[in-house]
Amino acid sequence: MKFIAYNVRDDEIPFIEKWGKDNQIDVQYTTTTLTPETLEEAQGCDGISGLQTIPYSRDLFEAFNKFGIKYLALRNVGTDNVDLQAAKDNDVTITNVPAYSPESIAEFAVTMALYLTRKVGYMQQQLRQKQQFHFSPDFMGRLISEQTVGIVGTGRIGRHAIQLFKGLGAKVIAYDKYPIKNSKLDFQYTTSLADLITQSDIISLHMPATDDNYHQFNHETFELMKDTAILINTARGSIVDTDDLIYALQSGEIAGAGIDTVENESADLQDSRSSKQVTDADVIKLSMMPNVLITPHSAFHTTKSVMNMVTISLNNLKALASGNKVDDQVN
Ligand code: NAD
Ligand code: COI
């Protein structure tokens, strides 16, 4: 048996090498992004471990078919970038890692909320841009315990976020397209997303990107939000209309934003060895705002996550290549 992992960062390598040794299986790895052009590197392999937010397209799965590769085990949760029908049409089985560490992403959402409500961006701006180090009225923050937090999506990550915000004393409300029945968690579902949007001081997104939530947070939504409210997006960039968000932040329709996932992420975002400067005009604009915290899709990035992403993905590949059924199969 032989596997290859694409888009590998240096922090993943020890886990890949350990898994290969423990399982006596040859696992090659490359920093390259998986595309029809780079698939040649996988020739002779029984399966591929992938981690990217750019599309896994029909062309790619046709190339899998050409090379006789039948398994793609993602090292991540989201499958919104995978053409699952094309994978099926080309006899490629896909797995993901649905719960490598939901608490890592939930903690990051809370980190963003604290950074924004305690105006840390304003303090950093005063020091870094003006080299001034003194009190300012701009630094007056708010307590999480005095706020209503709206969680959109009460799945694995959303439920962890609810617990963390409750731990800080917030009132938590939630909206889910498919609400959990008999949840033991201490929160109320709102009857509609609009209700959550109008009532919340902090809105944190934890749903997958789907066809029906593309740009769901847009000019109309920002008008509904309190002008003191902040939006946190660690879910997917496509859910938020970036132009409308920039307008809402500049015009004072909302007070701040924590953005870990941006629209149209490129392969460059995941090139951990790159020394290229950022060119995305929206990212640059948002990064200059003191009421914004923008990060390169890194909410997942903890040691626990990395270990589980690598290990579970490779376990899934091994099971598939051995002809076993895998619970994490997504197509
Ligand atoms: P999950 O499947 O456990 O939960 C998703 C929840 O969203 C479910 O309860 C579902 O019913 C609900 N939902 C689906 N469509 C909805 C909609 N249109 N409106 C409201 N709710 C909706 O998934 P999870 O593990 O909690 O992950 C959620 C998302 O977080 C992933 O799909 C992924 O896009 C994102 N994510 C981001 C990072 C990161 O590093 N930033 C890491 C992991 C996952
Ligand atoms: C996911 O697991 O879905 C993420 O968003 C993490 C990212 C490294 C792709």
Side-chain angles (χ1 to χ4, degrees), residues 5-9 11-12 33-34 49-56 73-82 94-112 150-164 173-181 183 185 187 189-197 203-217 221 232-240 258-263 265-267 269-272 293-302 304-306 308-310 312-313 328 330:
Y6 277 76
N7 249 325
V8 165
R9 301 178 311 276
D11 53 283
E12 295 180 292
T33 298
L34 181 57
S49 164
L51 180 72
Q52 64 193 44
T53 56
I54 67 159
Y56 295 99
L74 310 180
R75 302 199 288 286
N76 65 301
V77 178
T79 54
D80 53 284
N81 58 333
V82 186
I94 314 278
T95 58
N96 71 345
V97 185
Y100 50 78
S101 173
E103 66 274 30
S104 295
I105 299 95
E107 268 189 18
F108 201 78
V110 174
T111 304
M112 289 187 137
I151 301 290
V152 188
T154 54
R156 295 177 185 88
I157 299 171
R159 290 200 300 275
H160 272 284
I162 290 172
Q163 281 178 315
L164 293 173
I173 56 176
Y175 173 79
D176 196 298
K177 205 171 165 187
Y178 312 99
I180 311 164
K181 294 192 179 74
S183 162
L185 289 174
F187 68 89
Y189 277 117
T190 54
T191 45
S192 67
L193 180 60
D195 277 350
L196 179 139
I197 290 167
I203 298 175
S204 193
L205 306 182
H206 299 291
M207 71 282 225
T210 56
D211 289 342
D212 57 2
N213 66 21
Y214 177 76
H215 282 187
Q216 192 168 40
F217 281 74
T221 332
I232 310 237
N233 184 10
T234 59
R236 280 294 180 266
S238 64
I239 300 169
V240 176
I259 303 297
D260 185 52
T261 47
V262 293
E263 282 191 83
E265 287 175 358
S266 69
L269 179 113
Q270 278 186 246
D271 182 354
S272 59
L293 177 56
I294 181 161
T295 49
H297 202 140
S298 296
F300 77 99
H301 206 166
T302 62
K304 180 174 176 187
S305 294
V306 176
N308 284 337
M309 291 163 101
V310 168
I312 299 170
S313 155
D328 297 340
V330 292

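For ligands, and for the atoms within them, numbers begin at 1 and follow the listed sequence. Reckoned from all heavy atoms, side chains included, excluding hydrogens, waters and symmetry mates. Sequential numbering from 1 along the given sequence is applied to the chain's residues.
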Test side chain to side chain donor-acceptor pair (under 3.5 Å) applied to T261 and R236, step by step | CA-CA 5 Å; T261 47; R236 280 294 180 266; 6.0 Å; no
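- The closest heavy-atom contact to atom 7 (O) of ligand 1, among the options A99, P179, P208, comes from P208.
- No N or O atom of F300 sits closer than 3.5 Å to an N or O atom of ligand 2.
- Side-chain contact, H297 with Q270: no donor N or O sits under 3.5 Å from an acceptor N or O.
- The closest approach between a heavy atom of H301 and any atom of ligand 2 is not below 4.0 Å.
- Looking at ligand 2, you'll find an N or O of G78 within less than 3.5 Å of one of its N or O atoms.
- For R156, a nitrogen or oxygen atom sits less than 3.5 Å from a nitrogen or oxygen atom of ligand 1, counting backbone and side chain alike.
- Looking from atom 6 (C) of ligand 2 to the surrounding protein, the closest heavy atom is Y100 OH, 3.5 Å.
- The shortest N or O to N or O distance between T53 and ligand 2 is not under 3.5 Å.
- Annotation: side chain of T302 is not in contact with side chain of E107 (no heavy-atom distance under 4.5 Å).
- Within the structure, the closest approach of A209 to ligand 1 does not fall below 4.0 Å when heavy atoms are considered.
- If you check each of D80, T261, N213 against atom 18 (N) of ligand 1, the one with the closest non-hydrogen atom is N213.
- Considering only non-hydrogen atoms, atom 37 (C) of ligand 1 lies nearest to T234 out of D260, I157, T234.
- Residue R236 approaches ligand 2 through these ligand atoms, each under 4.0 Å from one of its heavy atoms: 1 (C), 3 (O), 4 (C), 5 (O).
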